Amino acid sequence: MLIVGNMNNARIAEVFDLIADLLEFQDANPFRVRAYRNGARIIRDFSEPMQAILADPDRKLTDIPGVGKDLAEKIGTLCSTGGLPMLEELQAQVPQSVLTLLRIPGMGPKKVAMLYKELHVATLDQLRDACQQQKVRKLKGFAAKTEEAILAGIALAQTSGDRMCWAGADSYAQSIRAHMLDCKGIEKIEVAGSYRRGKDTIGDLDLLVVSSKVEDVMDRFADFTDSAGVIARGPTKITIRLVNGLQVDMRVVPAGCFGAALVYFTGSKDHNIVLRGLAKDRGLKINEYGVFRVHGSKEEFIAGRTEEEVYKSVDLPWIPPELREARHEFEWARSGKLPKLIELDDLCGDLHMHTTATDGKATLEEMVAAARARGFEYIAITDHSKRVTMARGLDAARLRQQWKEIDRLNRKLKDFRILKGVEVDILEKGGLDLQDDVLAEADWVVASVHYGQNQSREQITKRVVDALENPHVRAIAHPTGRLINRRKPYEIDLDAAFKAARDNNKMMELNANPARLDLDDVACAAAKSFGIPIVISSDSHSADGFHVLRYGVLQARRAGLTKKDVANTRSLEKLNELIAKGRQKAAR
DNA sequence: GCCGTTTTCGGCCCGACTGTTTTCAGTCG
């Protein structure tokens, strides 16, 4: 089969999501729509490229759960032609711009279809005009209030857009939590949702509260300083929107169903669907109020106080929130193979940081003091190389001077080691920014792409693979270059990079900067499947920069990483053994 | 459109809230 170069899993998933949107708009069978969305998620999360499976005569796409004959065929067509006739037909029937109308809160496929059919409204501007001319309120199922809500929603759809990065959401989560704890009658409070699952970006916050004073708790919540207003309020649930656009939901539940409610509000949605399906198989029903045994029309409460109880009711151990994405967690839980996820305290050192020699704000000594205060055994100083002129990157002479200084410090230090390192630039034209004889003197070299990020997939992949084949490079730093909400990852064939890393006994960085977090969770799991050690690094530019490591660890947990999978959980001695393995490989 | 050790046909998670309605559809998570 001819394979089209750029059809990667993410693109296939995008196509299936688009088909799902278009089908939903056409009022197709909702389960058919779900099959496409499900397929999109499974493919996006899959650790290997679909193309690799297609190219292997011994394997079939239909062996992937959720991919049947139909989806398999469409994946094949996409990979061999780059397009899909079915998608083209759908797009001919529905102008793609109507999908933007779905971004308005409260507008779903049914309402959008009605607007398009009756008023030929296909863009946000056309919809605004129709509302202002009071045409919308004349439609069946619409009225004046809906019209006003749409107008407000259009403004919102245009201003707020991006999901917030986890660390940004965390600061709101903490302040709302503190605000609520001032309220009497709160027995328990937990922030659930994708926040609790540690996703790299957060769309909204979900608070779960145990209290018998429901009205008081809701009044307090509505009174949050940054609230721009209450969107909805019922007997158990209240939703507010903050001035920055972030939506925050709160539910108040009795203590007896806290565990069931926590499972429900932690999600993911797809995880909950699988969980409830397992309950159904056992004659049970799971909802946010508990686990119930169904006897005809009667239901008997059997569990729900804790999450453990809920999972136990379907014969499973408790599953950590970070794994609840309907990926492998059920299979692992069933077979007793849930990984013991890495924890922040497992880290013994940090292998990527900068000093005042380049663009850091702290001196070498200050970084060492901060690392020791944190309880680390070692750090690597990895200032930029000369190509990074903006950061006053180091040439060979300045680097050797820094290393001399490190030698001097190391002689004085007990129970602590500074590795002589560098973050060497992978040049636009290929090759590294420092000569091999210089790199050979380093204890630790990370290589990274800063320039030429708009190059083709082939060019960037070759630059990175070549760097991995250099005998002195130990790891690739921030391997996709993404900046959440600011810069897309550059085009890189990660599968090829992982193969090169595996073949050369090299490592891959998970950059803990909350705006970077690359490798992302899926890529990180893929790297693990290649047996590549992951390095969780702070990329600190100041003495208080190490705190970001918690974000990196959270993401590593989402990838299912254990202490063993992460290189810098090792003692210095064991880390050096790992480094030596790469050197031996290079020498052969 | 996917799936199957009670099934190759007939299922497919479950409830809150709103706005439109006189009992419910649509949206959301």
Side-chain angles (χ1 to χ4, degrees), chain A residues 16 19-20 23-25 27-42 61-75 86 101-115 136-150 153 192-197 202-208 214 218 230-239 247-253 257 260-261 263-292 294 299 310 314 324 326:
Chain A
F16 285 174
I19 290 175
L23 284 174
E24 196 168 36
F25 183 79
D27 204 17
N29 176 351
F31 297 106
R32 190 178 168 214
V33 174
R34 186 200 283 177
Y36 276 101
R37 286 206 207 290
N38 209 27
R41 177 179 52 80
I42 288 160
L61 289 173
T62 48
D63 289 341
I64 303 170
V67 177
K69 188 166 159 284
D70 225 88
L71 291 189
E73 230 175 76
K74 291 190 167 75
I75 295 168
M86 179 217 192
L101 304 182
L102 293 171
R103 289 214 303 263
I104 302 169
M107 295 295 284
K110 295 277 155 51
K111 284 189 174 163
V112 171
M114 170 80 106
L115 288 167
V136 171
R137 63 178 66 186
K138 298 194 178 75
L139 299 177
K140 187 171 161 24
F142 292 75
K145 222 164 175 177
T146 312
E147 217 171 50
E148 286 162 28
I150 290 173
S194 52
Y195 171 84
R196 183 161 179 251
R197 301 200 310 278
I202 304 296
D204 58 17
L205 288 174
D206 301 284
L207 251 71
L208 187 60
V214 180
M218 287 201 178
V230 175
I231 296 176
R233 179 169 175 165
T236 64
K237 183 185 162 185
I238 173 168
T239 300
Q247 186 178 313
V248 190
D249 297 334
M250 184 182 72
R251 295 258 189 157
V252 187
V253 300
C257 63
V263 169
Y264 172 66
F265 291 111
T266 299
S268 65
K269 189 170 185 273
D270 294 303
H271 177 92
N272 287 346
I273 289 174
V274 175
L275 190 67
R276 288 170 167 180
L278 293 177
K280 208 163 194 175
D281 295 344
R282 290 162 172 78
L284 305 175
K285 185 172 88 174
I286 297 180
N287 59 28
E288 56 263 57
Y289 301 109
V291 183
F292 301 87
V294 184
E299 291 173 356
V310 174
V314 292
R324 299 183 195 170

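Here is how names work: the chains are called A, B, and so on, in the same order as the sequence lines, proteins then strands, and each is numbered from 1. No experiment lies behind these values; they were computed from the predicted model shown.
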Assign A:K140 to base, sugar-phosphate, or nothing according to its heavy-atom contacts below 4.0 angstrom with the strands shown.
nothing

Listed nucleotide nearest any side-chain atom of A:K145, set B:dC12, B:dT18, B:dG19
B:dG19

Candidate nucleotides B:dG15, B:dG26, B:dC12, ranked by approach to the side chain of A:E288 - the nearest
B:dG15

Pick base, sugar-phosphate or nothing for A:K269, based on heavy-atom distances below 4.0 Å to the nucleic acid.
base

How long is the line joining CG of A:D281 and P of B:dC12, in whole Å?
11 Å

A:K280 side chain N/O closer than 4.0 Å to the phosphate oxygens (OP1, OP2) of B:dC14?
yes

Which of B:dC13, B:dT20, B:dC12 is nearest the side chain of A:I273? It is B:dC13

Sugar-phosphate only, base, or nothing, as touched by A:N38 at under 4.0 Å among non-hydrogen atoms
nothing

Ion pair check, A:D27 and A:K110, cut-off under 4.0 Å
yes

chi for B:dT7 classified (syn = within 90 degrees of 0, anti otherwise) as syn

Does A:P109 reach a base, just sugar-phosphate, or nothing at all? Heavy atoms under 4.0 Å.
sugar-phosphate

Shortest side-chain distance from A:K111, nucleotide among B:dT27, B:dC2, B:dG19
B:dT27

Taking atom C1' in both B:dT21 and B:dG26, what distance in whole Å separates the two?
13 Å

Over all strands shown, is A:T236 touching base, sugar-phosphate only, or nothing at heavy-atom distances under 4.0 angstrom?
sugar-phosphate

Between B:dA25 atom C1' and A:M114 atom CE, what is the distance in whole Å?
11 Å

Assess the residue pair A:D70 and A:E73 against the criterion (side-chain contact (heavy atoms from CB on, under 4.5 Å)); give the C-alpha distance rounded to whole Å, side-chain angles, the decisive distance to 0.1 Å, and a yes or no.
CA-CA 5 Å; A:D70 225 88; A:E73 230 175 76; 5.9 Å; no

From the options B:dG1, B:dT27, B:dG29, select the nucleotide whose nearest atom is closest to the side chain of A:D249.
B:dG29

Side chain of A:D206 only, please: which of B:dG1, B:dC17, B:dG29 is the nearest?
B:dG29

Can you find a donor-acceptor N/O pair under 3.5 angstrom joining the side chain of A:Y264 to the base of B:dG15?
no

Nearest-nucleotide check on DNA chain B, A:P65 vs A:I238; residue mapping nearer the 5' end is A:P65

Span that lies between the C1' atom of B:dA16 and that of B:dT8, in whole angstrom
37 Å

Whole angstroms only, please: what is the CD1-P distance between A:I42 and B:dC3?
8 Å

Below the 4.0 Å mark, does B:dC17 have OP1 or OP2 next to a side-chain nitrogen or oxygen of A:T239?
no

Under 4.0 Å, counting only non-hydrogen atoms across every strand here, what does A:I286 touch: a base, just sugar-phosphate, or nothing?
sugar-phosphate

Whole angstroms only, please: what is the CG-C1' distance between A:D27 and B:dG26?
12 Å

Rounded interatomic separation in angstrom, taking CD1 from A:I231 and C1' from B:dG29
13 Å

Quick one: is A:K285 getting a side-chain N or O under 4.0 Å of the B:dG15 phosphate, OP1 or OP2?
yes

P spacing across the pair B:dT20 / B:dT27, given as an integer number of angstrom
13 Å

To the nearest Å, how far apart are A:L61 CG and B:dG1 P?
16 Å

Whole-Å distance separating the CG atom of A:L139 from the P atom of B:dT20:
12 Å

Pick the closest DNA chain B nucleotide for A:F142 and for A:Y289 by heavy atoms, then say which residue is nearer the 5' end.
A:Y289

Quick one: are A:E147 and A:V136 in side-chain contact, heavy atoms under 4.5 Å?
yes

Roughly how far apart, to the nearest Å, are B:dT7 and B:dG11 at atom C1'?
9 Å

Would you check if the side chain of A:T266 reaches a backbone N or O of A:A192 as a donor-acceptor pair within less than 3.5 Å?
no

Any idea which of B:dC13, B:dG19, B:dG1 is nearest the A:R276 side chain?
B:dC13

If pairing requires Watson-Crick or G-U wobble contacts with both distances under 3.5 Å, which nucleotide is the partner of B:dC17?
B:dG26

Under a 3.5 Å distance rule, please check whether A:R41 uses its side chain to pair with a backbone N or O of A:A326 as donor and acceptor.
yes

Using a heavy-atom cut-off of 4.0 Å across all strands, would you classify A:V67 as base, sugar-phosphate, or nothing?
sugar-phosphate

Using a heavy-atom cut-off of 4.0 Å across all strands, would you classify A:N287 as base, sugar-phosphate, or nothing?
sugar-phosphate

If you measure from the P atom in B:dC17 to the same atom in B:dC9, how many Å do you get, rounded?
42 Å

Any chance you could lay out the salt bridge (charged side-chain N to carboxylate O under 4.0 Å, His left out) test for A:E288 and A:K237, step after step, and finish with the verdict?
CA-CA 12 Å; A:E288 56 263 57; A:K237 183 185 162 185; over 6 Å; no

Can you check the A:R32 CZ to B:dC12 C1' distance for me, whole Å?
16 Å

If we take the P atom in both B:dC2 and B:dC13, what is their distance in whole Å?
16 Å

B:dC13 OP1/OP2 closer than 4.0 Å to side-chain N/O of A:R34
yes

